[in-house]
Number of protein chains: 2
Amino acid sequence: MSDYRKITLSDVATRVGVSAITVSRALRSPEKVSVVVREKIFAAVEDLGYVPDAAARALASSRTNVIGVLIPSVTNNVFSDVLKGIYTGIENTPFDLQLGNTRYSVLSEEQLLRVFLSQRSAGLVVTGTDQSGAARALLASAPCPVVQIMETDNEPVDMVVGFSHYQAGQAATEHLLAQGYKKPAFIGARMDPRTQRRFRAFADTAKKAGAFDPARVATTPAPSTVTLGGQLFGDLLATAPDTDAVFCNNDDIALGVMFEAQRRRISIPESLGICGFNDLEMMAVAEPPITSVRTPRFEMGQRAIAMLIEAIGGTPPARPLVDIGFQLLRRRSTGC
Amino acid sequence: MSDYRKITLSDVATRVGVSAITVSRALRSPEKVSVVVREKIFAAVEDLGYVPDAAARALASSRTNVIGVLIPSVTNNVFSDVLKGIYTGIENTPFDLQLGNTRYSVLSEEQLLRVFLSQRSAGLVVTGTDQSGAARALLASAPCPVVQIMETDNEPVDMVVGFSHYQAGQAATEHLLAQGYKKPAFIGARMDPRTQRRFRAFADTAKKAGAFDPARVATTPAPSTVTLGGQLFGDLLATAPDTDAVFCNNDDIALGVMFEAQRRRISIPESLGICGFNDLEMMAVAEPPITSVRTPRFEMGQRAIAMLIEAIGGTPPARPLVDIGFQLLRRRSTGC
DNA sequence: TTGACAAATGATAGCGCTAACATTACTACT
DNA sequence: AGTAGTAATGTTAGCGCTATCATTTGTCAA
């Protein structure tokens with residue numbers, strides 16, 4: 001690779017005996033080049049191992065094949081599942097991904113957005129609908145399609161794929177109440193906007209049933225872990241020992257609650273009902289299996305990219321708002 | 001953004017009253033520009049909201065700020081922890097990340113490598129040391145620094161940050177034997193090269209103690225999940241019901257084994273010892289807590305990027321081979 | 001056969017930046 | 001004051017590709 005000269009368009013052109021622009025056309029819009037020439041060009045490309053220079057193309061055409069993706073965390077299970085869907089969605093397309101980690105900061109998000117826009121991204125995927133004012137303005141006037149993912153509770157800028165976190169929280173809470181639990185609690189970590197909507201749903205629904213007590217709410221801004229779930233459950237029992245059910249922020253928290261309950265010999269589901277969120281794969285096989293709300297994370301990523309690519313191609317989807325739904329999975333941890 | 005003309009270097013230059021190249025220098029190597037001019041330039045950049053065009057820079061300098069990262073999976077916990085380290089490592093550096101998902105295929109890996117090399121990546125991070133012959137050749141003659149991560153068992157191409165999976169497997173197996181287990185089993189999914197090295201260590205170590213029985217090995221090429229752990233454990237008990245300990249491929253499998261054992265009322269650690277691998281956060285708080293081998297995944301990513309950036313800067317680290325070690329965490333699941 | 005028109009190909013310029021060399025401004029010393 | 005030497009800035013050209021417009025070739029009807 002050291003004394004290796006880069007193979008360029010004109011190398012291919014010379015080899016075939018045509019001009020560089022014809023090679024460019026053969027690669028970009030093959031239908032504009034005669035079949036004979038086209039095939040000779042493809043053969044030469046293969047032969048020489050020509051790989052187009054993305055930077056040169058971007059500069060010349062002032063377009064890129066880069067889709068910018070803004071997510072708040074690279075480690076969180078939720079987003080890695082969404083990412084997997086996104087990666088699957090761009091497979092066998094000419095698009096590349098550029099990931100931006102906002103770390104749950106609207107300011108980082110705004111800054112990354114500026115970078116992506118200045119680099120003429122072909123499209124953008126952003127998480128949630130709670131951007132800063134400036135960021136929303138940037139998105140609204142972005143020269144490329146934008147998909148917001150994760151939630152449908154707010155008004156989207158362009159397209160959106162998600163589900164209603166409020167409705168999901170409501171469904172979970174109603175389930176706990178329907179199972180006969182009288183004193184439900186909420187445990188939440190990393191109270192991001194979506195978690196907050198779920199909490200609001202919990203509070204509203206419990207209130208309506210006369211079962212809401214602010215003492216039965218344990219939250220923290222720290223990122224959620226199984227350990228933290230156990231600790232918050234401990235805190236909760238200290239202030240509200242009569243708690244008989246917990247709606248957890250997510251499944252990590254729920255697992256922590258389960259382990260801590262087992263440690264304290266609190267019987268699940270008799271003395272304690274547990275409901276998680278996201279339905280991680282292990283929830284179904286835990287002992288006992290844990291009730292959770294399944295969120296179609298992989299599909300969300302896939303759909304988002306599919307819509308984006310369609311829109312980049314010039315045919316924006318008829319329905320720019322996709323509610324991908326959720327599903328309450330009733331399991332033994334809530335007496336099912 | 002629609003009828004918005006891109007702000008370029010010469011816009012800034014005109015504003016300040018210098019030539020474009022001076023602005024370029026002020027941004028690239030500030031020490032070559034007088035303080036007075038430099039500050040005026042910075043002010044103008046801020047003022048106009050100038051953002052350099054990465055494509056133009058790449059084309060002109062035939063260098064990029066893109067570090068290519070090749071990992072076999074975007075969802076696996078192990079790699080998402082490594083990724084987190086990598087992301088942390090490039091924070092506040094001028095570098096961007098481009099992720100390539102090889103999906104455990106050496107062919108995909110080779111292809112992605114070609115793309116990254118043709119796009120003049122500033123540096124490369126690749127997973128493992130088991131590339132295809134062609135890929136190894138590409139890496140060996142790559143015009144940029146390369147860091148291999150995850151394992152130190154093989155000869156690296158350039159730099160490497162990892163640990164010995166063989167030694168880790170040995171330590172785990174010796175621990176099971178030392179705890180008095182006589183009939184240890186191995187359960188593994190997604191038998192990638194690193195898992196295979198751990199298995200080889202298990203087999204060698206058990207053999208040496210006269211405790212190896214091929215009937216007590218359950219593996220599958222499918223990706224590991226908690227559910228799969230439970231199933232493989234069931235299979236294992238069907239063929240080797242006298243198994244008294246399990247060394248698991250990873251913690252997901254170990255959790256599955258634990259839940260399945262609980263379901264079958266097999267007491268842990270009395271009738272069954274369980275040892276996992278990776279030490280996911282929840283292992284310490286599971287009930288019972290599960291013995292595992294802690295692997296410094298975050299640190300591995302961080303160190304890898306730090307070394308790479310040093311090398312890109314022209315000062316390759318003195319020791320290009322970093323064994324970052326591992327740690328056996330003895331917990332109740334093996335009677336500790 | 002010729003003209004009209006479409007299809008196929010080519011020539012030219014320029015995207016925004018930096019490498020390489022050229023020039024000018026400044027400093028220090030004889 | 002003059003000169004060498006360095007620091008600061010400028011000029012020119014070109015990275016590899018594509019947009020735009022120009023030209024050539026091919027096709028078909030009259």
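Please read these numbers as outputs of a predicted model, since none were measured by experiment. Chain A is the first sequence line, chain B the second, and so forth, proteins listed ahead of strands; every chain is numbered from 1.
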Spacing of A:L59 atom CG relative to D:dA19 atom C1', expressed in whole Å: 13 Å

A:K40 NZ - C:dA8 C1' separation (whole Å): 14 Å

Please list, pair by pair, any protein nitrogen or oxygen found under 3.5 Å from a nitrogen or oxygen in nucleotides 8-10 of chain D.
| from | atom 1 | to | atom 2 | distance (Å) |
| --- | --- | --- | --- | --- |
| D:dT9 | OP1 | B:S34 | OG | 3.1 |
| D:dT9 | OP2 | B:S34 | N | 3.0 |
| D:dT9 | OP2 | B:S34 | OG | 3.3 |
| D:dG10 | OP2 | B:S19 | N | 2.8 |
| D:dG10 | OP2 | B:S19 | OG | 2.9 |
| D:dG10 | OP2 | B:T22 | OG1 | 2.7 |
| D:dG10 | N7 | B:R25 | NH2 | 2.8 |
| D:dG10 | O6 | B:R25 | NH1 | 3.3 |

Interatomic distance where CD belongs to B:Q119 and P belongs to D:dC17 [whole Å]: 11 Å

Rounded distance (Å) that lies between atom C1' of D:dG16 and atom CZ of B:R57: 18 Å

Side-chain donor/acceptor of A:S105 to backbone N/O of A:S108, under 3.5 Å: yes

Atom pair distance, as rounded to whole Å: CG in B:D53 and P in C:dG14: 18 Å

Least distance between heavy atoms, A:I7 atom then A:L48 atom: CD1-O, 3.5 Å

A:T152 (side chain) donor-acceptor with A:G162 (main chain) under 3.5 angstrom: no

Donor-acceptor contact below 3.5 Å, side chain B:S121 vs main chain B:F116: yes

Spacing of A:R28 atom CZ relative to D:dA19 atom C1', expressed in whole Å: 13 Å

From C:dG16, D:dC17, C:dC17, nucleotide with atom closest to B:Y50 side chain: C:dC17

D:dC17 phosphate, OP1 or OP2, under 4.0 Å from A:S24 side-chain N/O: no

Spacing of A:L27 atom CG relative to D:dA19 atom C1', expressed in whole Å: 16 Å

Exam field: side chain A:T129 to backbone A:P156, donor-acceptor pair closer than 3.5 Å: no

Carboxylate-amine/guanidinium contact B:D192 B:R194, below 4.0 Å: yes

Phosphate OP1/OP2 of C:dT18: any B:R63 side-chain N/O under 4.0 Å: no

For atom NZ of A:K6 and atom C1' of D:dC17, their distance in whole Å: 11 Å

Spatial distance of atom CD1 (A:I312) from atom CZ (A:R63) [nearest 0.5 Å]: 11.5 Å

